[in-house]
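We're numbering straight along the sequence, starting at 1.
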Amino acid sequence: MKPIIYQMLPRLFGNKNQTRKPNGTLEENGCGKFNDIDNETLKRIRNLGVTHVWFTGVIRHATQTDYSAFGIPRQHPQVVKGRAGSPYAIADYYDVDPDLADNVNQRMAEFDSLVHRTHGQGMKVIVDFVPNHVAREYQSVCKPENEPDFGENDAPGMHFSVNNNFYYLWGQPLELPFLETEENSPSSYEEIPAKATGNDQFSNRPTRNDWYETVKLNYGVDYCDAGGRSEHFDPIPDTWQKMLNILLFWASKDVDAFRCDMVFMVPVAFWKWAIAQVKNEYPNIKFIGEIYDPPLYRSYIDAGFDWLYDKVGMYDCLRDVVCGRRPASSITAQWQSVDDILDHMLYFLENHDEQRIASNFFAGNAQKAIPAAIVSVLLNRCPFMLYAGQEFGERGMDEEGFSGRDGRTTIFDYWCVDSLRRGYYFPMHLNNAEKRLKTFYKRLLTIANTEKAVSEGEFFDLMYCNMQSWQFNPNQQYAFLRKADNELLLVVANFSDDAVHCGVLIPQHAFDFLKIAEQNAIVATDLLTGEILTTNLLADATVEISINAFSGRVLKFSL
């Protein structure tokens, strides 16, 4: 079965509070809970064709909300981004976000129940692993009793030590002059000596655009020695062992995969060491890497990663095709650049870091990305990720607070995403356009999960033989074949805003490579619409197809 990942932030997903006050508090704007993601909701997600759910923001992170009454250390608000805080400023690796619990004292048990429910609906569970950085005021209250906390045994007088968990700036105080209180006085947060900031900022004066709310973790790499950078991995750095223990803790809670944040900022030697030990104990667990440096892809796969973000490759390409900045034919070069590791690539069109398709900053219309979705889902055997709300055309144009109106759905604020509220809890309130888009995604993802040609079959790109054809426009159409056993799929995506009638040439080489027998008057079914048509399937001849604007065809032939 082809992996289809559904990403959601529980904080946003289950929230039905429609106040939506910019910079609103938890009490004002509300917050989704683990328990809001009940069996009925999970069933609706599964019925889209989803196989895995990535619950984003589960591990306890820095927040401006005060939970000190529950024994949870309060965070200084000036080093927390937004009222709710970033899910990637981890405050306790062994705890879950109290915002997500109906009963804060039972918050881990409520998460365990969500894992059980998700498995009961036939889907696997993904959680974040954030290895590169922690919140400025990291303090675990749930760690194993005999485990020292991060930084607890550090020598802060040393810039670098293989035994330190953090990097220190030799007695210099942290300075954040851009953070001012309501009285315009300087920042009241104190950190002496300053610790290096999460985005490899080795200065005591990170800027507003840095990850100033986080601290960089030390994996035995000295970034500022005389040679510029040196590695100290023998003996095993203290941070390595602490992080392995954290991975094994979450693996023991029956999670099925880790989505690992910014993996290329952590040395590949650590991943090779840690993943091997986790998989030795939990052989079916998957590791997904967020990575933006294609030359490093293969080294991280060799280290044990199962899937890697294909952001700077396929995502950027498809976005440019949708927006008219590149021809559709450029898709070929993207998959060819990673042809040897194609099954390890993870495709997506939206996630929490990227702008929404329907936002003013991307396509302005969710329909325009339908051909890109067809390509992403059906091109090969690799996973596809759908971001919560994408199936309804969520625009991401709210001005929630810290994040501002930037075409993204906030990860920093308490908010209600209305398309999700209606789509999963009041579906009768969806408008016709939202219903049509959801139906499309359900059909497309179901094809991926039910057609062996997609999940297991061979792939043949048809663009090279259609570049000069008067019957085909390679700037706006993209075509390929998928085949398994005696079933053949012809997929044609139309990125144009006009309906087209095109002829797709299928060369003799495709017939030889896929072992296709030529046939006259063969019946084909469009799996997206159910339409049945009759055509000829002959070598070096065309298949004539009419395609609507911003749409595609998935013709299935039984050979």
Side-chain angles (χ1 to χ4, degrees), residues 48-49 317-331 347 349-350 356-358 362-379 384 386 390-395 430-448 451 453-454 461-463 466 469-482 488-506 522-537 542-557:
L48 275 175
C317 175
L318 287 172
R319 176 166 179 158
D320 282 351
V321 175
V322 169
C323 296
R325 295 189 290 264
R326 292 196 221 181
S329 58
S330 62
I331 296 167
Y347 290 164
L349 294 173
E350 290 189 350
R356 293 285 193 170
I357 294 162
F362 190 160
N365 178 354
Q367 300 293 319
K368 290 185 177 181
I370 283 178
I374 292 170
V375 172
S376 296
V377 174
L378 303 182
L379 183 71
F384 174 78
L386 185 77
Q390 181 179 341
E391 69 271 39
F392 304 118
E394 169 58 38
R395 300 196 66 230
L430 290 172
N431 61 42
N432 289 334
E434 291 167 332
K435 290 176 182 176
R436 285 194 300 270
L437 191 63
K438 181 189 175 185
T439 297
F440 160 75
Y441 275 107
K442 181 176 180 179
R443 286 175 179 166
L444 181 63
L445 300 181
T446 300
I447 291 169
E451 295 296 329
V454 176
D461 194 317
L462 293 171
M463 295 304 289
N466 283 279
S469 171
W470 64 271
Q471 294 176 288
F472 189 91
N473 183 353
N475 290 321
Q476 297 186 317
Q477 282 92 54
Y478 186 76
F480 57 93
L481 297 169
R482 299 298 308 275
L488 177 72
L489 302 183
L490 171 59
V491 182
V492 188
N494 178 29
F495 290 85
S496 171
D497 56 1
D498 291 321
V500 297
H501 182 83
C502 60
V504 182
L505 178 69
I506 303 180
I522 185 172
V523 173
T525 302
D526 186 342
L527 297 180
L528 285 173
T529 64
E531 181 185 351
I532 296 174
L533 55 88
T534 301
T535 186
N536 295 324
L537 193 60
T542 59
V543 175
E544 305 288 322
I545 308 177
S546 294
I547 316 175
N548 290 331
F550 304 130
S551 186
R553 292 280 206 171
V554 183
L555 300 185
K556 180 179 181 179
F557 300 89

Colleague: What heavy-atom pair brings E391 and Y441 nearest, and what distance separates the two atoms?
Modeller: CA-CD1, 3.7 Å
Colleague: Using the side chain to side chain contact (heavy atoms under 4.5 Å, CB included) rule, take L437 and Q390 through it: C-alpha gap first, then chi angles, then the decisive distance, then the call.
Modeller: CA-CA 9 Å; L437 191 63; Q390 181 179 341; over 6 Å; no
Colleague: With side chain to side chain contact (heavy atoms under 4.5 Å, CB included) as the test, would you mind laying out the steps for F384 and L444 before giving the verdict?
Modeller: CA-CA 11 Å; F384 174 78; L444 181 63; over 6 Å; no
Colleague: Find the distance between CG (L462) and CD1 (I506) and round it off to the nearest 0.5 Å.
Modeller: 6.0 Å
Colleague: Please give me the minimum heavy-atom distance between A479 and V492, naming the atom from each residue.
Modeller: CB-CG2, 4.1 Å
Colleague: Can you tell me if R482 uses its side chain to pair, donor with acceptor, with the backbone of L378 under 3.5 Å?
Modeller: yes
Colleague: Measure across I547 and S551 and return the closest heavy-atom pair with its distance rounded to 0.1 Å.
Modeller: CG2-C, 3.9 Å
Colleague: Passes side chain to side chain contact (heavy atoms under 4.5 Å, CB included), T535 versus F557? Steps please.
Modeller: CA-CA 10 Å; T535 186; F557 300 89; 3.6 Å; yes
Colleague: Looking only at non-hydrogen atoms, find the nearest pair between S496 and Q477 and report the distance.
Modeller: CB-NE2, 4.3 Å
Colleague: Counting only N and O atoms by type, is there a donor-acceptor contact under 3.5 Å from the side chain of R553 to the main-chain atoms of L490?
Modeller: no
Colleague: Return the CG to CG distance between L481 and D461, rounded to the nearest 0.5 Å.
Modeller: 9.0 Å
Colleague: With a 4.5 Å limit on heavy-atom distance, are the side chains of N494 and P371 in contact?
Modeller: no
Colleague: Are any of the side-chain heavy atoms of S330 and V321 separated by less than 4.5 Å?
Modeller: yes
Colleague: Taking the side chain as every heavy atom from C-beta outward, state whether L430 and F392 have any pair of such atoms under 4.5 Å apart.
Modeller: yes
Colleague: From L48 CG over to R443 CZ, what is the distance, rounded to the nearest 0.5 angstrom?
Modeller: 13.0 Å
Colleague: CD/Q471 to CG/L505 distance, rounded to the nearest 0.5 angstrom?
Modeller: 8.5 Å
Colleague: Quick one: CZ on R326 to CD1 on I331, what's the gap to the nearest 0.5 Å?
Modeller: 9.5 Å
Colleague: Is a donor on one side and an acceptor on the other found under 3.5 Å between the side chain of E451 and the backbone of I447?
Modeller: no
Colleague: If we ignore hydrogens and angles and just use 3.5 Å, is the side chain of N466 paired with the main-chain N or O of V504 as donor and acceptor?
Modeller: no
Colleague: State the CD-CG distance between E531 and D526, to the nearest 0.5 angstrom.
Modeller: 6.5 Å
Colleague: Show, in sequence, the C-alpha distance, side-chain angles and deciding distance for L533 and L555, and conclude whether the side chain to side chain contact (heavy atoms under 4.5 Å, CB included) test is met.
Modeller: CA-CA 9 Å; L533 55 88; L555 300 185; 4.1 Å; yes
Colleague: Can the positive tip of R319 be found less than 6.0 Å from the middle of the six-membered ring of F362, inside 45° of the ring normal?
Modeller: yes
Colleague: Identify the heavy atoms of F550 and F495 that sit nearest to each other, and give their distance.
Modeller: CE2-O, 3.5 Å
Colleague: Can you check whether I357's main-chain N or O pairs, donor with acceptor, with E350's side chain at less than 3.5 Å?
Modeller: yes
Colleague: Provide the closest heavy-atom pair for L528 versus F440 in the form atom of the first, atom of the second, distance.
Modeller: CD2-CE1, 4.2 Å
Colleague: Got T439 and R436 here, is their nearest side-chain heavy-atom distance under 4.5 Å?
Modeller: no
Colleague: Do Y478 and L379 touch side chain to side chain, with heavy atoms closer than 4.5 Å?
Modeller: yes
